[in-house]
Amino acid sequence: MPELPEVEVTRLSFADRIFGAKVVSVRMGKALRWPLGCNPALLAGRTVRAVRRRGKYLLIDLDHGVLLVHLGMSGSLIFSHQLPPSGVHDHFEMVTTHGTLRLNDPRRFGAVVYASSDETPEALKLLGKLGMEPLSDDFDVNLFHVGLGRRKAAIKQVLLAGDVVVGVGNIYASEVLFMAGIRPTVSSSRLSQPRVAKLHAAIREVLARAVAAGGSTLRDFSSASGKVGYFQLEAMVYGRDGQPCRVCGSHIKSVRQGQRATFYCPHCQKF
DNA sequence: AAAAGCCCCTGGATGC
DNA sequence: TGCATCCAGGGGCTTT
């Protein structure tokens, strides 16, 4: 579910509310992707200092240590004083003086990992190879060109890999390539500088607009305050196989790349 | 080093 | 109605 916009929308929906809260207790349910990495009881009494985001990870800074939270494919957070009784898919719960943070994740591809800082080997194993942040100033178009130039795989796959630029998942990869007029199957290294510049701008614009729309709610995404997103209504190609292109009217095509569906307009994205 | 495939897991939609 | 199959927003690990 969650790509950069959904993770950022989630962050914005509870960062201010949880700021300064003191942890009362932490409970882990069924195993997520990785073990927490510390005794949950050890976290009681610590104070939440910030909620940051790196790629699709949320980093919850405590006055000592940090929780790395990943939502996987089906995870969502909710933060509230008044939560219904926890269900079978609620696998992490942190009670604080400002409310309870709960992770619901049916498929359990998500994770909550504790590290004493984001520089420890355990944290770097998850964060160390991540690419540039697309919405920050360090997303430099020349560095982007160099990064893409080193890879011969299809541009869609290189975007998804997240080691050149982070946060672009399966929905937004198709959307971004549509906006840039680039065929998803073209080799990354064969993109000219002007086309890379167009892609760079498209990534920033699509992701920023998606954040503003509250993310995409395809099945069950909602922010930590329970709000659904609306960006899926603006999708130009994702999930629109066989439907007319909103720009030229051609039938949207679907192909599979690396076991994931890709959508594009054969006319607007000729090469 | 980079690329391609496999796999983790549950649930909803579709087809017979 | 029941059962099998396919598909889903991610990404680490293993094999080429």
Side-chain angles (χ1 to χ4, degrees), chain A residues 1-10 29-35 37 53-58 68-77 87-92 103-113 121-131 146-177 184-190 206-207 210-211 213-223 228-235 237-242 254-263:
Chain A
M1 156 194 30
E3 306 180 34
L4 183 147
E6 291 74 34
V7 177
E8 180 65 6
V9 164
T10 297
K30 222 168 167 180
L32 291 165
R33 181 158 202 174
W34 297 296
R53 182 188 54 73
R54 178 75 177 97
K56 297 172 189 166
Y57 284 91
L58 284 174
L68 312 181
V69 180
H70 199 290
L71 302 178
M73 284 281 260
S74 58
S76 61
L77 288 173
V88 285
H89 299 310
D90 295 324
H91 305 303
F92 170 85
L103 172 67
N104 181 274
D105 185 4
R107 293 177 73 179
R108 290 188 279 124
F109 291 169
V112 182
V113 174
E122 311 86 71
L124 285 176
K125 192 177 168 194
L126 303 179
L127 306 174
K129 287 184 181 167
L130 297 183
V146 171
L148 294 184
R150 283 199 260 260
R151 306 289 292 277
K152 294 192 173 160
I155 182 61
K156 157 85 169 351
Q157 314 256 88
V158 174
L159 291 178
L160 280 189
D163 46 4
V164 178
V165 62
V166 292
V168 181
N170 208 41
I171 297 178
Y172 299 107
S174 285
E175 292 301 311
V176 143
L177 289 166
T185 48
V186 74
S187 168
S188 174
S189 64
R190 297 192 56 165
V206 168
L207 295 183
V211 171
S216 295
T217 298
L218 260 47
R219 275 162 273 284
D220 49 11
F221 170 73
S222 63
S223 74
V228 298
Y230 295 94
F231 188 80
Q232 73 281 2
L233 303 174
E234 299 179 38
V237 290
Y238 183 83
R240 301 193 64 245
D241 189 18
S254 169
V255 293
R256 288 195 82 78
Q257 294 179 279
Q259 288 118 252
R260 319 289 300 272
T262 303
F263 302 87

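To find a chain, count down the sequence lines: A is the first, B the second, and so on, and within it residues start at 1.
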Review point. Can you find a donor-acceptor pair, distance only, under 3.5 Å between Arg219(A) side chain and dG12(B) base?
Key: no
Exercise for review: For dC6(C) and dC6(B), measure between their P atoms and round to the nearest Å.
Suggested key: 14 Å
Point to revise | Residue whose nearest DNA chain B nucleotide is more 5′ - Ala154(A) or Arg107(A) | key: Ala154(A)
Practice item. For Lys152(A) and dA4(B), give me the distance from atom NZ to atom C1', rounded to whole Å. Key: 16 Å
Practice item. May I ask you to verify if any side-chain N or O of Lys56(A) is less than 4.0 angstrom from the OP1 or OP2 atom of dG11(C)? Key: yes
Practice item. Could you measure between the two C1' atoms, the one in dA3(B) and the one in dG9(C), and give it in whole Å? Key: 23 Å
Check your understanding: Within the pair Arg150(A) and dA2(B), is there a side-chain N or O less than 4.0 Å away from OP1 or OP2?
Key -> no
**Study point:** Any His70(A) side-chain nitrogen or oxygen under 4.0 Å from OP1 or OP2 of dG10(C)
**Key:** no
Point to revise | Tyr57(A) side chain, from C-beta outward: closest of dT10(B), dG12(C), dA4(B) | key: dG12(C)
Exercise for review: Check the distance between dG10(C)'s C1' and Tyr238(A)'s OH and give it to me in whole angstrom.
Suggested key: 12 Å
Review point. In whole angstroms, how far is the C1' atom of dA2(B) from the CD atom of Gln157(A)?
Key: 12 Å
Review point. So, does Ser174(A) use its side chain to make a donor-acceptor pair with the main chain of Phe263(A) at under 3.5 Å?
Key: yes
Check your understanding: Gln259(A) side chain: which of dG9(C), dC6(B), dC9(B) is closest?
Key -> dC6(B)
**Study point:** Value in whole Å for how far the P atom of dG12(C) lies from CD of Glu122(A)
**Key:** 15 Å
Check your understanding: If you find the nucleotide of DNA chain B closest to Arg33(A) and the one closest to Gly258(A), which residue's nucleotide is nearer the 5' end?
Key -> Gly258(A)
Check your understanding: Does dG9(C) have OP1 or OP2 sitting under 4.0 Å from an N or O in the side chain of Arg260(A)?
Key -> yes
Review point. Roughly how many Å is it from CZ in Phe263(A) to C1' in dC7(C), rounded to a whole number?
Key: 11 Å
**Study point:** Ser216(A) versus Tyr230(A), side-chain donor and acceptor atoms under 3.5 Å
**Key:** no
Check your understanding: Can you check whether Lys125(A) has a side-chain N or O nearer than 4.0 Å to OP1 or OP2 of dC13(C)?
Key -> yes
Check your understanding: Side chain of Phe109(A): nearest nucleotide among dA4(B), dC7(B), dG10(C)?
Key -> dG10(C)
**Study point:** Residue Arg151(A), side-chain heavy atoms: nucleotide from dA3(B), dG9(C), dC9(B) that is nearest
**Key:** dA3(B)
Review point. Is the backbone N or O of Gly110(A) less than 3.5 Å from a side-chain atom of Asp105(A), with the two atoms forming a donor-acceptor pair by type?
Key: yes
Exercise for review: May I ask you to check whether Lys156(A) and Thr262(A) show a side-chain donor-acceptor distance below 3.5 Å?
Suggested key: yes
Check your understanding: Does any nucleotide pair with dG9(C) by Watson-Crick or G-U wobble geometry, both distances under 3.5 Å, and what is it?
Key -> none
Review point. In whole angstroms, how far is the C1' atom of dG9(C) from the CG atom of Leu77(A)?
Key: 15 Å
Check your understanding: Can you find a side chain N or O atom of His89(A) that sits less than 4.0 Å from OP1 or OP2 on dG11(B)?
Key -> yes
Review point. Is the phosphate of dG9(C), meaning OP1 or OP2, less than 4.0 Å from a side-chain N or O of Tyr172(A)?
Key: no
Revision key, fill the gap. note: Trp34(A), atom CH2; dC9(B), atom P; distance rounded to Å ~ 14 Å
Review point. When all nucleic acid strands are considered with a 4.0 Å heavy-atom cut-off, which category describes Ala161(A): base, sugar-phosphate, or nothing?
Key: nothing
Check your understanding: Within this structure, what is the NE2-to-C1' distance between His91(A) and dC9(B), rounded to whole angstrom?
Key -> 9 Å
Exercise for review: Can you tell me the pairing partner of dA4(C) across any strand shown, Watson-Crick or G-U wobble, with both distances under 3.5 angstrom?
Suggested key: dT14(B)
Check your understanding: Under 4.5 Å between any side-chain heavy atoms of Leu4(A) and Val168(A), yes or no?
Key -> no
Check your understanding: Do the non-hydrogen side-chain atoms of Val166(A) and Lys56(A) ever get within less than 4.5 Å of each other?
Key -> no
